[in-house]
Amino acid sequence: MSKPRGVFVAGNWKMNHGPAAARAFLDGLARLGFPSDAVRRASGGRALQSAVLVPAVSLEVARASVAQHGWSDLLQVGSQNTHFEASGAFTGEVSAPLLKEIGIELSLVGHSERRQHFGETDESAGKRTASLLSQGFEVILCIGETRPEREAGQTEAVLSRQLGEVFRAAGAWMKSKGLEFSRTHWARLTLAYEPVWAIGTGLTATPEQAQEAHAFIRQWLRGAGTAGGAAAGALSVPPAETTAILYGGSVTPENFAGLLACPDVDGGLVGGASLKPESFLKLIETGAQAI
Ligand code: PGA
């Protein structure tokens, strides 16, 4: 099997693992033999990319612990959300410059839990994405439909709408700063398709369902990226063929290989199964084998 865009395994710890637990998790990975030769080999040239997205209070400890283990090129530490402004009156938020100060340059954006519980929208996700990319961050941007939307046969309509609104807002943010998206910006963007009905429910999308949605997203990018599409929507979008699309929603060490066998699934964004070093390690090993 070969994966043209490599494989990205990202663990989303959500509101779990404070500093002590974060350190224990990383020490646990080391005790289990991370990184194996296969993982080290696959991580060269970044064919395999691995990351943990940790609570804000654990970022500094996790980053330091990764460095102490000598894994800075093997395992990234990222934020679960990051504001688009650099500083100011935004209680409870962190910004890119604040994160850079502690060596963090990767962030998740637009997770469905941020949308569901904290009022985030495609527009705010688009602004965050643009701001972060322009500041040298890597971004994992999440989209996905809810269960009623899927049951009503609206999956593709919802994905189109989300992609359109996110990239419209991202483009507007760049324009407001006198900037334009370049290949270098887009090379730092990863998309994550996370059907909301599959998150934390144990109801994983089948490989067929995942492939169908991922292929649709790639097709949408192809269309929007053409001269006609761009002129119609005045949109700048990431390149369809090189942008990785991760699947998220009840990924486990048992179902990950089947998902990775799909041509348009380029990795996994994993919640529950990323919380224990044993299962996270299995996911990374599965990723290495799929390359
Ligand atoms: P889950 O979460 O793997 O626990 O379903 C995935 C996510 O929300 O990113």
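Every value quoted in this text rests on a predicted model; they were computed, and no experiment measured them. Numbering of ligands and ligand atoms starts at 1, following listing order. FYI, the numbering just counts along the sequence from 1.
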Exercise for the section: Please identify which atoms of ligand 1 are closer than 4.0 Å to at least one heavy atom of G271. Expected result: 1 (P), 2 (O), 3 (O), 4 (O), 6 (C)
Problem - Modelled atom types, side-chain donor and acceptor of E93 and N81, under 3.5 Å - result: no
Exercise for the section: Could you tell me if the ring centre of W173 sits under 6.0 Å from that of F167? Expected result: no
Exercise for the section: Enumerate the atoms of ligand 1 whose separation from the nearest heavy atom of H111 is less than 4.0 angstrom. Expected result: 7 (C), 8 (O), 9 (O)
Exercise for the section: Looking only at non-hydrogen atoms, find the nearest pair between L74 and S43 and report the distance. Expected result: CD2-CB, 3.5 Å
Problem - Pairing residues for R115 by the salt bridge (Lys or Arg N to Asp or Glu O under 4.0 Å) criterion, not counting sequence neighbours - result: D122
Handout entry: Heavy atom of G248, distance to ligand 1 below 4.0 Å
Key = no
Exercise for the section: Tell me which part of I199 gets within contact of ligand 1: side chain, backbone, both or neither, using heavy atoms under 4.0 Å. Expected result: both
Practice task
Answer yes if the side chains of D266 and H214 hold a donor-acceptor pair under 3.5 Å, and no otherwise.
Solution key: no
Problem - Contacting atoms of ligand 1, where contact means under 4.0 angstrom from a heavy atom of A198 - result: 5 (O)
Exercise for the section: Give the residue and atom name of whichever protein heavy atom lies nearest to atom 4 (O) of ligand 1, and the separation in Å to one decimal. Expected result: G272 N, 2.8 Å
Handout entry: Counterpart residues, ring-ring contact (aromatic ring centres under 6.0 Å, His included), relative to F84 (two or more places apart)
Key = none
Practice task
Name the closest protein heavy atom to atom 9 (O) of ligand 1, giving the residue it belongs to and the distance to 0.1 Å.
Solution key: E194 OE2, 2.7 Å
Handout entry: Closest approach of S274 to V270 (non-hydrogen atoms, all atoms of both residues)
Key = OG-O, 3.1 Å
Fill in the blank from the handout: of all protein heavy atoms, closest to atom 2 (O) of ligand 1 is K14 NZ, 3.2 Å
Handout entry: Atoms in ligand 1 flagged as close to S250, the criterion being non-hydrogen separation under 4.0 Å
Key = 1 (P), 3 (O), 5 (O)
Practice task
Report yes or no: does G249 have a heavy atom closer than 4.0 Å to ligand 1?
Solution key: yes
Problem - Atom of L106, atom of A51 and distance for their closest heavy-atom approach - result: CD2-CB, 3.6 Å
Fill in the blank from the handout: One finds that the ligand 1 atoms under 4.0 Å from a non-hydrogen atom of G200 are 1 (P), 4 (O), 5 (O)
